[in-house]
Number of protein chains: 2
Amino acid sequence: MENLDRFDCRILHALQRDARLTLAALAEAVNLSPSQCSRRIARLEESGVIRGHGLRLDPEALGLKVTAFIFLSVDKGRMACPREAVAELLTRDEVIDCHAITGNHDFILKVMVEDLADLSNFLSTAVTSLPGIRDIATQVAMNTLKVGGPLKVMA
Amino acid sequence: MENLDRFDCRILHALQRDARLTLAALAEAVNLSPSQCSRRIARLEESGVIRGHGLRLDPEALGLKVTAFIFLSVDKGRMACPREAVAELLTRDEVIDCHAITGNHDFILKVMVEDLADLSNFLSTAVTSLPGIRDIATQVAMNTLKVGGPLKVMA
DNA sequence: GCAGTCTGCGCAATAATTTTGCATTATCGA
DNA sequence: TCGATAATGCAAAATTATTGCGCAGACTGC
């Protein structure tokens, strides 16, 4: 919650790119002792800046060959509680991201599925059947140029 | 590259949710010995299924209060090489994701910035100034419901 | 300006975790 | 069924992370 100093930023910068850096390697990269790196990481986790550790997987290797964006509009009134309007969808593991957005549609979803048949299936079983859906538009990704880029860490 | 068996899938399932699980804890979760988990993880990295390890950070804590989607069209002909058309953008660390998509626009970008002033600044310095841009549309996220959800691991 | 306190630091010892050698068991193809 | 290959668990070894401690710089209140 407090400010991040130069060392915190360097640590986050390095760990975002490779979270499995050894404390010794990290220490060298950020110019601090391993023990202090350890303590700072612990503090960053404690304070919630670091929320967790994840894996970067190869979607193809998992058979997820199709990425698509689904734009969704719901009945007026349902947007009083956006999370509730799409709660069902958030639990599906085809849904990677979900945001409420400005513009013609209410939500944008990023989904990853095996193939177009799966996409079609997901749309009909999970999306179309949602209560209060007003409009759906789908755009398929033909090419993935960048995914999950590291967040900009300032100062 | 080869098929993932039941244990590989369980391991990926568990590690996606918490990549810092101890081998002992993982072993218990997937019903395998720690040593075997270690070996299978090594193999998954070797074969490219696991591409790396990352951090889940709190964007707010980093001062990234605005997430936006930018839809981009470029001059016909530039889409012969999509990556080249937006190469400049991919290097910017405001750009989290970038896909070439079907539909009216050629690309969708997810960007994260400090505030709307920053967004405006990014648009004018990084996007508008790109050569061959035909159209830009921006939609701001008002609410983030799900981000970076774990990938579905089958069988 | 000065004591007192607090915070951050590196070193070294300790604790925890990961990796590997090895003997055994399971699996698959012929 | 047999032989070869691959997978497994255990235990030892190696690597890595954590913590206690003394020290130094910064800030506070007087």
Side-chain angles (χ1 to χ4, degrees), chain A residues 1-58 60-64 148 150-155, chain B residues 1-63 148 150-155:
Chain A
M1 204 92 300
E2 323 77 47
N3 293 350
L4 308 174
D5 71 8
R6 194 157 29 105
F7 289 116
D8 290 322
C9 288
R10 287 190 202 162
I11 288 172
L12 293 175
H13 180 92
L15 286 185
Q16 275 194 96
R17 281 152 185 87
D18 182 4
R20 255 189 3 167
L21 273 178
T22 235
L23 286 176
L26 179 64
E28 183 162 9
V30 306
N31 237 39
L32 207 63
S33 70
S35 57
Q36 209 50 18
C37 287
S38 171
R39 281 188 271 248
R40 279 173 179 267
I41 291 169
R43 210 179 48 184
L44 289 166
E45 282 167 355
E46 189 89 15
S47 69
V49 178
I50 296 178
R51 286 183 164 167
H53 292 237
L55 243 42
R56 280 190 289 270
L57 299 183
D58 177 9
E60 297 263 341
L62 301 177
L64 299 169
L151 267 41
K152 185 174 183 176
V153 181
M154 286 155 280
Chain B
M1 205 95 298
E2 323 78 46
N3 293 351
L4 308 174
D5 70 6
R6 193 157 29 106
F7 289 117
D8 290 322
C9 288
R10 286 192 202 160
I11 288 172
L12 292 175
H13 180 91
L15 285 185
Q16 274 195 96
R17 281 153 183 86
D18 181 4
R20 253 188 4 166
L21 274 178
T22 232
L23 286 176
L26 179 63
E28 182 161 10
V30 306
N31 237 41
L32 208 62
S33 71
S35 58
Q36 210 48 20
C37 288
S38 171
R39 282 187 270 247
R40 292 178 93 111
I41 291 169
R43 211 178 48 185
L44 289 166
E45 282 168 353
E46 189 88 15
S47 69
V49 178
I50 296 178
R51 285 182 162 166
H53 292 239
L55 243 44
R56 279 190 289 268
L57 299 182
D58 178 8
E60 297 263 341
L62 302 176
L151 268 41
K152 186 175 181 177
V153 181
M154 286 155 280

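Letters A, B, ... are given to chains in the order of the sequence lines, protein chains preceding strands, and every chain is numbered from 1. A quick note: this is a predicted structure, and the numbers were derived from the prediction, not measured.
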A.B. asks: Rounding to a whole Å, what distance do you find between B/L21:CG and C/dT18:P?
C.D. replies: 9 Å

A.B. asks: Provide, to the nearest angstrom, the distance between the CD1 atom belonging to A/I41 and the P atom belonging to C/dC9.
C.D. replies: 13 Å

A.B. asks: How long is the gap from CZ on A/R40 to OG on A/S33, to the nearest 0.5 Å?
C.D. replies: 9.5 Å

A.B. asks: B/Q36 side chain N/O closer than 4.0 Å to the phosphate oxygens (OP1, OP2) of D/dA7?
C.D. replies: no

A.B. asks: Using the closest heavy atom to pick a nucleotide of DNA chain C for each, name whichever of A/R20 or A/S35 lands nearer the 5' end.
C.D. replies: A/S35

A.B. asks: Do other residues, nucleotides or ligands put more than 12 heavy atoms under 6.0 Å from B/E45 CD?
C.D. replies: yes

A.B. asks: Nearest 0.5 Å, please: how far is CD1 in A/I50 from CD1 in A/I41?
C.D. replies: 6.0 Å

A.B. asks: Round to the nearest Å and state the distance from B/L32 atom CG to C/dT19 atom C1'.
C.D. replies: 15 Å

A.B. asks: Once you round to the nearest 0.5 Å, how far does CG of A/D5 lie from CZ of A/R10?
C.D. replies: 9.0 Å

A.B. asks: Within this structure, what is the CG-to-P distance between B/D5 and D/dA7, rounded to whole angstrom?
C.D. replies: 9 Å

A.B. asks: Check the distance between C/dG8's P and A/D8's CG and give it to me in whole angstrom.
C.D. replies: 9 Å

A.B. asks: Looking at CD of A/Q16 and NZ of A/K152, how far apart are the two atoms once the value is rounded to the nearest 0.5 Å?
C.D. replies: 13.0 Å

A.B. asks: Give one of base, sugar-phosphate or nothing for A/T22, where a contact means two heavy atoms less than 4.0 Å apart.
C.D. replies: sugar-phosphate

A.B. asks: When rounded to the nearest 0.5 angstrom, what distance separates CG in A/L62 from CG in B/D8?
C.D. replies: 10.5 Å

A.B. asks: Would one find a side-chain N or O of B/R40 under 4.0 angstrom from OP1 or OP2 of D/dA7?
C.D. replies: no

A.B. asks: Would you mind telling me which of D/dG9, C/dT18, C/dC9 lies closest to the side-chain atoms of B/L23?
C.D. replies: C/dT18

A.B. asks: Taking atom C1' of D/dA7 as reference, at what distance in whole Å does atom CZ of B/F7 sit?
C.D. replies: 10 Å

A.B. asks: Could a donor-acceptor pair under 3.5 angstrom be found where the side chain of B/R39 meets the base of D/dG9?
C.D. replies: yes

A.B. asks: Rounding to an integer number of Å, can you tell me how far B/E45 CD sits from C/dT19 C1'?
C.D. replies: 13 Å

A.B. asks: With each end axis built from five pairs of C1' atoms, what bend angle do you get for the helix from C/dG1-D/dC30 to C/dA30-D/dT1? Round to 10°.
C.D. replies: 50°

A.B. asks: Atom CG in A/L12, atom CG in A/L151: separation rounded to 0.5 Å?
C.D. replies: 10.0 Å

A.B. asks: Output the single nucleotide from D/dG9, C/dT19, C/dC9 whose closest atom is nearest the side chain of B/S33.
C.D. replies: D/dG9

A.B. asks: What is the distance, rounded to the nearest whole Å, between atom CD of B/E46 and atom C1' of D/dA6?
C.D. replies: 16 Å

